[in-house]
Protein chains: 2
Amino acid sequence: MAEEISSKVPEAHPMNGGDGPNSYAKNSTHQRRVVDVAKELLNKAILEKLDIDITLLSNTFHIADLGCSVGPNTFYSVENILEAVQSKYQIQGQNSQIPEFQVFFNDHAQNDFNMLFKSLPQNRQYFAVGVPGSFHGRLFPKASIHIVHSSYAIQWLSRVPEAVVDSSSSAWNKGRIHYSNSTDEVIRAHETQYSEDMECFLHSRAQEIMYGGLMILMIPGRPDGTPHSHSQANMTLQFLGLCLMDMARKGDVSEEKVDSFNIPMYTMSPQELKTAVERNGCFSIEIMSDLPHHQLVDDTITLSQLLASHLRAGMEGIVKQQFGEEIIDELFDLYRNKCEEHASIFKSGKSCNFLVVLRRTAD
Amino acid sequence: MAEEISSKVPEAHPMNGGDGPNSYAKNSTHQRRVVDVAKELLNKAILEKLDIDITLLSNTFHIADLGCSVGPNTFYSVENILEAVQSKYQIQGQNSQIPEFQVFFNDHAQNDFNMLFKSLPQNRQYFAVGVPGSFHGRLFPKASIHIVHSSYAIQWLSRVPEAVVDSSSSAWNKGRIHYSNSTDEVIRAHETQYSEDMECFLHSRAQEIMYGGLMILMIPGRPDGTPHSHSQANMTLQFLGLCLMDMARKGDVSEEKVDSFNIPMYTMSPQELKTAVERNGCFSIEIMSDLPHHQLVDDTITLSQLLASHLRAGMEGIVKQQFGEEIIDELFDLYRNKCEEHASIFKSGKSCNFLVVLRRTAD
């Protein structure tokens, strides 16, 4: 087991910690909106698909949120799940059987767990624990979790494929920081990495989730059949790459650093996920549903403001690591302008935020 | 349950975080020595007192370390426990039944969990989680833990008794920072607080530890019958108080601040603990044993160096909170001198580091 736990040390890209103006905590309103829009679907999924007999053996119900970041969204999600499970007991007339809840908040060890722990809701109805580690490997004992939840996290790959930053390879991704606007070879290298990562992810969860348990995933994806370059989620990263290349041309950052920088994020389609789940073979797909797009749009701020603030909260860490702190303000100013300039391109792009509910079937 | 989890918000006094020269991580060699000396006793306790049938219902073994601080001592302790449990299975010829281990590292939410998580041993044989919260209240679901361990932590009280910092009270502890060299009223206020805290501690653990499970406590105590003022552990705090009063006389800190500052730490005797356990009624005392004193002594550095470095690592946080960062270096320089000056008094004091093994009995 020791090997299994520690052999994989994937890259970590923590969201901005703390609670300052550029923090993830203050700039994840889109993700919050996803949580709200998904609430009804999630409630329905638990009421219809969860068999509460799986809690018979223990009097504790275990919920895990993978890629939880620092809050507060993780707290809303967990609260929604917990309430839905309680309702299920009430509806079945088993009020007196409602178990205690233990919630496992997971993210990379580099995540700001100190901040997460300090901001735990005072009136929570669960025992809270933090679990450091990559969800591409094992995190929990066998058959120990009833519901796994993960929102806007599994688009992160465990690493940048090696060939992509190897200047001697035909898959070298020169002058770009993402695969989505690159050559077929670069795209294929990422498709392969996605496929391997998803295999590890599903294999680990299959061991950890007990039979009858659920896995609920919220994913920023691209519609089936959409080329990677046309995905809105990908465009936000392409624009960031254009800004970095602009800065390289001005000499504000080195071109080599841009060439060796890639963001390991893969925007999957529902069909790609379906294929991975079927290959794994341990889960049934109970729900796969688009989140209604119009409910996700915030029309109180401009698109460029929204994209810039969210991208900064999510990407500042990984950008700083490569280029240093001093370029950050300039880069994200440029980025806001780039988004304004390219607004019509962005609007022509496709997006698909979808929710998936998987059920752990018996082997 | 919600009330139970969140109603108590005791004071937190985290050890020095990080890994700098004054960090707890680098200045807890005495505590490490305790872990080493206790290893044999701990091994014996688990081999003789643990009934491994308690793991029949689940295939995971749950260990909790309460007041774990930032490591590395917590990792050594946990490793010792885990190996002893594995031995027990092997000796009973149940090698194939060895469960997976999940370890719950607990400390206040203000503890540096980020540091703890980053320094987790790479080759660990367990799933690690962090649990923020006070051990004076509930931390875990009912009957969910097999072995609770706590080393050099339960001497901390949940708070300073109110009367002690109330200038209108007859139990006002003016001019001192600890009860141990104070009036009978101040001592009584602390005895009462200790008694209440231990009741909460044992009541919570009685709910969390499953029948047959063990609680292993390592405690810096005072021998039965020793007055509080004669305890070595207490003297280290008395000396700190003398230094602060010296500084107040010189005008380097305000006397009011010294008057309102008290360290909520209680040095219990084995008999006091025994009384608390018997009053609680949910545990049997399986082992209560002094750790051999001579093995705990480090003769490679002077006593004053040792006391100063350990006290600083453990107390810097709480001192800073009250007096600010700027007095710290001067205070701990003074403290080293005070320890040299009072070395013979210290040596005439009494100490008793003891290990207790409690077993959760059926109600």
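Residue numbers begin at 1 in each chain, while the letters A, B, ... track the order of the sequences. Reckoned from all heavy atoms, side chains included, excluding hydrogens, waters and symmetry mates.
More than 12 heavy atoms of other residues, nucleotides or ligands sit less than 6.0 Å from atom NZ of B/K320. Within a 6.0 Å sphere centred on NZ of B/K142, heavy atoms belonging to other residues, nucleotides or ligands number 12 at most. By the 6.0 Å contact criterion, CD on B/Q90 is enclosed, its count of non-hydrogen atoms from other residues, nucleotides or ligands being greater than 12.
Residue B/L139 touches chain A through its backbone alone, counting heavy-atom pairs closer than 4.5 Å. Residue contact with chain A, scored on non-hydrogen atoms closer than 4.5 Å, is absent for B/F105. If you measure heavy-atom distances from B/N114 to chain A, the contacts under 4.5 Å come from both the backbone and the side chain.
For A/A84, the side chain to side chain contact (heavy atoms under 4.5 Å, CB included) partners are A/N43, A/I46, not counting sequence neighbours.
For chain B, the option among A/A128, A/P141, A/P132 with the highest count of heavy-atom pairs below 4.5 Å is A/P141. Between chain A and the residues B/G130, B/G133, B/A143, the largest count of heavy-atom pairs under 4.5 Å involves B/G130.
The salt bridge (charged side-chain N to carboxylate O under 4.0 Å, His left out) analysis of residues 200-210 of chain A, with sequence neighbours excluded, yields the pairs A/R138-A/E208, A/R205-A/E208.
To the nearest 0.5 Å, the span separating OG on B/S144 from CD on A/Q102 amounts to 6.0 Å.
Aromatic ring pairs are classed by plane angle as parallel below 30°, tilted from 30° to 60° and perpendicular above 60°; the pair B/F117 and A/F113 is perpendicular.
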